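Because the structure is predicted, anything quoted here is derived from the model rather than measured.
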Amino acid sequence: MTIETLYQQMLAAMGPRHWLQAGIPPAETPWEILWGGILVQNTNWRNVDYALANLKAATDFEPRQLLALTDTELTTLVKPAGFYTRKVPTLKALAAWCGQYDFDLTVMRALPAEQLRRELIALRGIGDETADYFSMYVFHQPTIIIDTYLRRLFGWLNQPLPSNYLKAQQLIMQAWHYDLTTADFERSFLATQRLTLASQSLAN
């Protein structure tokens with residue numbers, strides 16, 4: 001089995017997962033994804049939900065409002081997610097980094113992928129997996145995220161991955177020729193379909 005075969009079989013069996021669907025928690029806004037990606041480290045999502053609810057009530061997830069909080073105030077809000085002595089500085093560092101781009105997601109999304117990843121990893125408390133998570137789901141930079149579940153799946157399929165994150169990612173990327181930047185329309189379930197609008201007058 002090739003990795004592309006694995007992908008197609010999982011897609012056929014499970015369908016699109018709609019993970020982090022825009023407008024629906026935990027992705028009501030891109031900022032919620034960013035804060036959630038920090039808060040979920042070393043804890044479970046139930047605890048993160050409580051912390052995100054507190055952040056939403058206090059800041060509406062807006063980074064400027066987050067930065068306006070004192071460390072004590074922010075700690076109180078995110079305490080349900082645990083490890084707050086590490087997470088509070090990371091949240092503020094990430095928000096401050098966004099401030100370097102005037103909190104403009106369009107500008108940040110236009111950064112070259114390598115630069116974006118490099119700048120994210122330079123922030124305290126953000127490692128390879130979190131940087132790729134943000135690159136994929138917030139900044140629209142396609143990549144492969146090497147998480148515990150992917151490692152477990154590959155192990156079950158008798159293809160354990162290198163312990164080094166970047167080596168594991170490179171191994172997969174080299175073996176997978178699927179274009180992550182554009183939809184493979186001709187091979188999708190829509191390939192043989194044609195769309196007809198009820199009224200053609202608007203096209204004229």
Side-chain angles (χ1 to χ4, degrees), residues 1-22 24-27 30 32-52 78 80-87 90-91 93-94 112-189 191:
M1 173 188 290
T2 66
I3 190 168
E4 184 171 351
T5 301
L6 171 62
Y7 172 82
Q8 295 297 340
Q9 288 188 4
M10 291 181 69
L11 180 62
M14 302 170 65
R17 296 288 85 192
H18 303 297
W19 171 239
L20 294 178
Q21 187 170 349
I24 299 175
E32 183 182 12
I33 299 174
L34 287 175
W35 313 147
I38 299 300
L39 294 173
V40 78
Q41 295 175 0
N42 301 303
T43 191
N44 61 66
W45 198 260
R46 179 180 299 177
N47 295 333
V48 175
D49 276 337
Y50 293 125
L52 285 175
V78 304
F83 297 94
Y84 47 85
T85 56
R86 294 188 222 164
K87 294 177 182 180
T90 302
L91 287 168
L94 180 57
E114 290 185 5
Q115 177 186 343
L116 173 67
R117 194 178 192 280
R118 183 171 62 250
E119 292 186 14
L120 287 171
I121 288 179
L123 299 175
R124 173 181 177 180
I126 295 181
D128 289 310
E129 183 179 336
T130 303
D132 285 337
Y133 177 80
F134 292 159
S135 294
M136 172 78 82
Y137 293 112
V138 177
F139 302 114
H140 302 170
Q141 298 280 8
T143 188
I144 299 293
I145 301 171
I146 310 297
D147 61 11
T148 299
Y149 304 102
L150 185 66
R151 290 184 178 279
R152 190 175 298 163
L153 173 63
F154 276 49
W156 285 337
L157 295 173
N158 200 34
Q159 179 57 71
L161 294 171
S163 58
N164 179 276
Y165 186 98
L166 294 179
K167 287 182 178 179
Q169 188 179 61
Q170 184 180 30
L171 181 65
I172 295 175
M173 296 293 282
Q174 288 176 342
W176 196 13
H177 305 295
Y178 188 81
D179 187 354
L180 291 173
T181 60
T182 59
D184 193 354
F185 182 82
E186 294 302 324
R187 298 177 62 183
S188 76
F189 67 96

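Separating the CG atom in Leu94 from the CG atom in Leu120 is a distance of 7.0 Å, to the nearest 0.5 Å. With values rounded to the nearest 0.5 angstrom, Asn164 atom CG is found 9.5 Å from Gln170 atom CD. Between the OG1 atom of Thr90 and the CG atom of Leu123 there is a distance of 8.5 Å, given to the nearest 0.5 Å. The CD atom of Glu119 lies 7.0 Å from the CG atom of Leu116; values are rounded to the nearest 0.5 Å. If you take CG on Leu20 and CE on Met136, they are separated by 10.5 Å, rounding to the nearest 0.5 Å. Atom CG of Leu161 and atom CG of Leu153 lie 9.0 Å apart (nearest 0.5 Å).
Here the closest non-hydrogen pair linking Gly127 and Ile121 is O-CG1, 4.1 Å. Summarising the geometry of Phe134 relative to Gly37, their closest heavy-atom pair is CE2-CA, 3.8 Å, with the distance given to 0.1 Å. The two residues Tyr137 and Ile33 come nearest to each other via the heavy atoms O-CD1, 3.8 Å. Closest of all the heavy-atom pairs between Ile146 and Glu129 is O-OE1, 3.7 Å. For Leu39 against Thr43, the heavy-atom pair with the smallest separation is O-CG2, 3.2 Å. Residue Ile145 comes nearest to Tyr133 through the heavy atom pair CD1-CA, 3.7 Å, listed as atom of the first residue, atom of the second, then distance.
Around the CD atom of Glu114, the shell of radius 6.0 Å holds no more than 12 heavy atoms that belong to other residues, nucleotides or ligands. For Tyr50, the OH atom is loosely surrounded, since the number of other residues' heavy atoms within 6.0 Å does not exceed 12. Annotation: Tyr84, atom OH; neighbour count of heavy atoms from other residues, nucleotides and ligands within 6.0 Å does not exceed 12.
A side-chain N or O of Asp132 and one of Gln169 form a donor-acceptor pair less than 3.5 Å apart.
Between Leu150 and Ile144 the shortest side-chain heavy-atom distance falls below 4.5 Å. Side-chain contact between Leu6 and Phe154 is present, with at least one heavy-atom pair separated by less than 4.5 Å. Within the 4.5 Å cutoff, no side-chain heavy atoms of Gln141 are placed close to those of Arg117. No side-chain heavy atom of Val48 sits under 4.5 Å from any side-chain heavy atom of Trp35.
The backbone N or O of Gly125 lies less than 3.5 Å from a partner atom in the side chain of Gln41, making a donor-acceptor pair. Formation of a donor-acceptor pair under 3.5 Å by the Lys87 side chain with backbone atoms of Ala81 is found in this model. Looking at Arg151, its side chain does come within 3.5 Å of a backbone N or O of Ser163 through a donor-acceptor pair. At least one donor-acceptor pair under 3.5 Å links the side chain of Asn44 to the backbone N or O of Asn47.
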Carefully, step by step, assess Gln8 and Glu4 under the rule side chain to side chain donor-acceptor pair (under 3.5 Å).
CA-CA 6 Å; Gln8 295 297 340; Glu4 184 171 351; 4.5 Å; no
